[in-house]
Protein chains: 2
Amino acid sequence: MARTNGKQSAVERKPVSIRDVADASGVSLTTVSLILNNGDQRISEPTRARVLTAIERLGYRPNRLAQGLQNRRSNILAILVPHLRHTFADPYFGELISGIYDRANRSGYKILLEAAGRSFLREKRYLDLFDRCFVDGMLFMGSTDEHRFLHRFRDRKRPFILVNNTWPGLDHVVADYRAAGRLAAEHLVGLGHRRIGMIHGAGDVETARLLIAGFAETLAQHGVELPASCMEDGFYTEEGGAAAAEKLITANPSLTAIFTGNDKMAAGAIQRLQALGRRVPSDVSVVGCDDITQAAFVTPSLTTIRTPLYELGRRSCQRLIERLRGKDEPCQEVLPVELTVRQSTAPAAS
Amino acid sequence: MARTNGKQSAVERKPVSIRDVADASGVSLTTVSLILNNGDQRISEPTRARVLTAIERLGYRPNRLAQGLQNRRSNILAILVPHLRHTFADPYFGELISGIYDRANRSGYKILLEAAGRSFLREKRYLDLFDRCFVDGMLFMGSTDEHRFLHRFRDRKRPFILVNNTWPGLDHVVADYRAAGRLAAEHLVGLGHRRIGMIHGAGDVETARLLIAGFAETLAQHGVELPASCMEDGFYTEEGGAAAAEKLITANPSLTAIFTGNDKMAAGAIQRLQALGRRVPSDVSVVGCDDITQAAFVTPSLTTIRTPLYELGRRSCQRLIERLRGKDEPCQEVLPVELTVRQSTAPAAS
DNA sequence: GATCCCTGGTAAAACATTTTACCAGACCAG
DNA sequence: CTGGTCTGGTAAAATGTTTTACCAGGGATC
């Protein structure tokens, strides 16, 4: 069905329909449709050839609104991103989106972007995307505890999946954040750190809690405490990370290491620590989380736990597509993480 | 037309159509449509009320595939992004996308994402998005000289706009890159720099050439040369910027300042310079371009020329929407840029 | 009393597909 | 000659809207 650059005919204005192709090749419209969709079946080779060249010559392209109406699907997937300031500029979401896009594209799905604020979710307006036949499936990113009502919409007609987050009973693909916490703790303890702080993300995000749990657990196993005074919320932003770092280091001047819930907070923390006269890593080691591209290009370059964001996006989309193809098993996939050591960590000053 | 959370009825399965609403309220389907679309016209108040409550009760949502088929438009805009590795993770594109999204959303348009590789463009497959009624309009970002063929498709039925790029005769909204080059040059010259290098972006991008021109021009006016040996291509990436910085500083050890075509290359350059034992800014000053969020969080924080990316996205989308509403004047808008001084520049070492 | 207009609505066409059910002719068996 | 099957198709229904043209009945006008 190779039909690239159809001629831009002189008339140019009215779109060419399947009807036109049928007329041009002297067959019924049904025949054209059959050739396009069934591929092999009944139609004789001469007829098929005639129709195909007509299609080529006229530059026919099936109207997907009509197709969608008939098939009751749109071949579009929606990505729901929390509506923050300039959400799409965040490399975290960007990596996930890239993975999703590439996978979707491979199967002929288009991607619709939706920034979903609180009200959007609370009023269930995302259901419109399904009910109005905008999309066949949805990928939720940045979901929080608020989203647990999603549970109620697990009917087979509106498939969705949580991207890099987890909720019991909901389809999801998520990085192993508990392991991430553990790896960070082991790395820091291994370097001899004993007075350690943490800058975590929002408390209503399950992965944030898992990360904290894994980190605290492992520290405890090594006899290192993580008191409340050594925990600060950094809101997942650079500014938040900076502010949190300042609070931590002021309240606990003897801290020699900080673990942050993502790389943006780490970047903010490093900058603020340096501004406050602490050298990184010689005075204070910093470990980030995610390993976004920029992590390698802050100074000092960031030691971080790599969550395979692109792959997480890819897999989520893969799973969603499987759902759309009728697979009916629940999907709860956990991808491994790994420690990436760079320049922002060093042995504890003795 | 306030109709939030329609009941999830027990039947649940077959979508409710305008037909169902008509039956439920004892009027014709035309009447329902009239109420929904015309708003005021002919229909009496009692009837309107009856229909509206039926809509509410049934949780009716118009099927947009059917609407689109009838109206021959989709209410979707496409963003075309060059298909690089993990394109969407690039904060440059992300900021533009955020601006576009917010503006589109305000007018009820949805956003479709498309990563357009070379072949996608060369084979004019993006035309399918129009011809198959996927989208009403398109925003091109990251366009290069290869895209000049776009010129041929300026018919009124397939509106598109170049986002932060320029081409004579094509609609576009672009930052003033020539001024950006000038501001960078004036800043560095003002600090006493005389031996200056530049890491530029791809040569087939018009804005890259404008930036170079503005920079070189202004240096020349101040009697500062910019020989070919002081120019390197950094391919708009961190790695490219790092490699280019190394070449520059090796070939011209006396360089005291470098201007880069975007912030990512600046980040790469700074890191490599430091790795090579040059201190930034005391040995070498670095000026970036764009002022992405991360620019403030590299160390030292980056002096850069702020191109208002979010605003550029917003305006582009605004202009495109005006086109869709029938406005027929060409749009060639240039937004001002400004110098943002941070820590990566200092007076030239004497 | 016929004509006209207004009010409040409806029937039907059109949009571009896919899919189901059917059909005409050729060929063959019995 | 009747009945059956296969081949290569076609007619028509269905999908859910919007919009155009029309219509019935009532009141006002001449």
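The shown structure was predicted, so the numbers you read here are calculated from the model rather than taken from an experiment. Below, each value reflects all heavy atoms present in this structure, side chains not excepted, and no hydrogens, waters or symmetry copies.
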Let me know the distance between [atom1] of [X] and [atom2] of [N], rounded to the nearest Å.
{"X": "B:Asn63", "N": "C:dA16", "atom1": "CG", "atom2": "C1'", "result": "14 Å"}
{"X": "A:Tyr60", "N": "C:dT17", "atom1": "OH", "atom2": "C1'", "result": "7 Å"}
{"X": "A:Asn75", "N": "C:dA16", "atom1": "CG", "atom2": "P", "result": "20 Å"}
{"X": "B:Arg64", "N": "D:dT17", "atom1": "CZ", "atom2": "C1'", "result": "12 Å"}
{"X": "B:Asn37", "N": "D:dT17", "atom1": "CG", "atom2": "C1'", "result": "9 Å"}
{"X": "B:Phe134", "N": "C:dA16", "atom1": "CZ", "atom2": "C1'", "result": "14 Å"}
{"X": "B:Leu69", "N": "C:dA14", "atom1": "CG", "atom2": "P", "result": "14 Å"}
{"X": "A:Leu36", "N": "C:dT18", "atom1": "CG", "atom2": "P", "result": "7 Å"}

Look only at the side chain of [X] and the backbone of [Y], and say whether a donor-acceptor pair between them is shorter than 3.5 Å.
{"X": "B:Asp90", "Y": "B:Thr87", "answer": "no"}
{"X": "A:Ser74", "Y": "A:Phe134", "answer": "yes"}
{"X": "B:Asp136", "Y": "B:Leu77", "answer": "no"}
{"X": "A:Thr53", "Y": "A:Arg50", "answer": "yes"}
{"X": "B:Asn37", "Y": "B:Leu34", "answer": "no"}
{"X": "A:Ser98", "Y": "A:Gly94", "answer": "yes"}
{"X": "A:Asn71", "Y": "A:Arg73", "answer": "no"}

Inset, instruction - Look at the aromatic rings of A:Tyr310 and B:His86 and report parallel, tilted or perpendicular, splitting at 30° and 60°. - result: parallel

Legend entry - Phosphate contact (C:dA16 OP1 or OP2) by A:Gln67 side-chain N/O below 4.0 Å: no

Inset, instruction - State whether A:Arg61 places a side-chain N or O below 4.0 Å from either non-bridging phosphate oxygen (OP1 or OP2) of C:dA16. - result: no

Inset, instruction - Please give the angle, rounded to 10 degrees, between the axes at the start and the end of the helix from C:dG1-D:dC30 to C:dG30-D:dC1, where five pairs define each axis. - result: 70°

Inset, instruction - Run the ring-centre check on B:Tyr101 versus A:Phe88 and record whether the distance is less than 6.0 Å. - result: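 Yes, the ring centres sit under 6.0 Å apart.
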
Inset, instruction - Please tell me which of B:Ala66 and A:Val32 maps to the more 5' nucleotide of DNA chain C, matching each residue to the nucleotide holding its nearest heavy atom. - result: B:Ala66

Inset, instruction - Assign B:Ser17 to base, sugar-phosphate, or nothing according to its heavy-atom contacts below 4.0 angstrom with the strands shown. - result: sugar-phosphate

Legend entry - Annotated protein contacts, base or backbone, on nucleotides 9-14 of chain D with a non-hydrogen cut-off under 4.0 Å, one of B, S, - each: BBBB-B

